[in-house]
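Right, one structure below, let's go through it.
Only a predicted model underlies this, so the values are computations on that prediction, with no experimental measurement involved. Within every chain, numbering begins at 1; the chains are lettered A, B, ... in the order of the sequence lines, protein sequences first and strands thereafter.
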Amino acid sequence: RKEVEQDPGPFNVPEGATVAFNCTYSNSASQSFFWYRQDCRKEPKLLMSVYSSGNEDGRFTAQLNRASQYISLLIRDSKLSDSATYLCVALGNTGFQKLVFGTGTRLLVSP
Amino acid sequence: EAQVTQNPRYLITVTGKKLTVTCSQNMNHEYMSWYRQDPGLGLRQIYYSMNVEVTDKGDVPEGYKVSRKEKRNFPLILESPSPNQTSLYFCASSPIGLAGLETQYFGPGTRLLVL
């Protein structure tokens with residue numbers, strides 16, 4: 001079983017839609033979680049950290065459910081520019097500061 | 001401008017021909033790491049370094065070497081490349097500590113094809 005698992009998608013949504021991604025992690029000891037955004041053939045960029053209390057940044061909301069070991073990302077009022085691959089990331093339990101990446105969920109926002 | 005640079009950005013080579021991919025950061029970060037990204041497998045860590053002369057293996061270190069002689073540079077060396085090392089490679093840097101993970105920067109990537 002992969003340490004971080006995501007639905008690869010793609011999720012096809014119209015502009016203005018609300019879309020949610022889930023991600024599950026297997027290491028119950030993981031302390032830190034992140035969502036990264038990756039545009040086609042570009043480097044990943046940190047979108048937001050995920051806190052136990054939840055985290056909201058504009059149209060983006062991230063939630064952590066430790067009991068069920070999943071992380072979610074909600075995007076409201078989708079824009080064309082939101083089209084990208086979203087990577088779920090957990091801090092691993094081996095290796096200093098080691099990040100474990102999911103394979104990503106692809107989002108396509110259409111006009 | 002804070003950045004991580006990688007060179008070359010694209011490389012086609014043949015099996016067995018030694019190559020080096022350079023990585024340099026201008027943010028005085030202690031922590032640097034190399035990842036490879038393959039379809040269906042996501043990013044996997046190859047090697048990481050916590051500071052000058054301190055390096056350690058990640059998940060997929062076989063066939064790779066690294067060095068950290070200066071804080072800003074962290075080259076990735078393929079002594080004898082093989083076709084299964086065809087991949088997209090990213091270098092990343094951040095300050096030490098969990099808070100540093102919130103300011104991790106990635107380089108633009110190096111696309112390597114080994115024939």
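The aromatic rings of A/Phe33 and A/Tyr25 are tilted relative to each other, their planes meeting at an angle between 30° and 60°. Relative orientation of the B/Tyr35 and A/Phe101 rings is perpendicular, given thresholds of 30° and 60° on the angle between their planes. Aromatic ring pairs are classed by plane angle as parallel below 30°, tilted from 30° to 60° and perpendicular above 60°; the pair A/Phe60 and A/Tyr86 is tilted.
At a 4.5 Å heavy-atom cutoff, B/Arg44 makes no contact with chain A through either its backbone or its side chain. Within the 4.5 angstrom heavy-atom criterion, no atom of B/Tyr105 approaches chain A. For a residue to count as touching a neighbouring chain, one of its non-hydrogen atoms must lie under 4.5 Å from one of that chain's; by this rule A/Gln38 touches chain B with the side chain only. Only the backbone of B/Leu41 comes within less than 4.5 Å of a heavy atom of chain A; no side-chain atom from C-beta onward does. Interface remark: B/Ser33 contributes no atoms to any contact with chain A (heavy atom separation under 4.5 Å). At a 4.5 Å heavy-atom cutoff, A/Pro8 makes no contact with chain B through either its backbone or its side chain.
With A/Asp39 as the fixed residue, the salt bridge (Lys or Arg N to Asp or Glu O under 4.0 Å) test singles out one of A/Arg41, A/Lys42, A/Arg37: A/Arg37.
Taking a cutoff of 4.0 Å between a charged side-chain nitrogen and a carboxylate oxygen, A/Arg76 and A/Glu56 qualify as a salt bridge.
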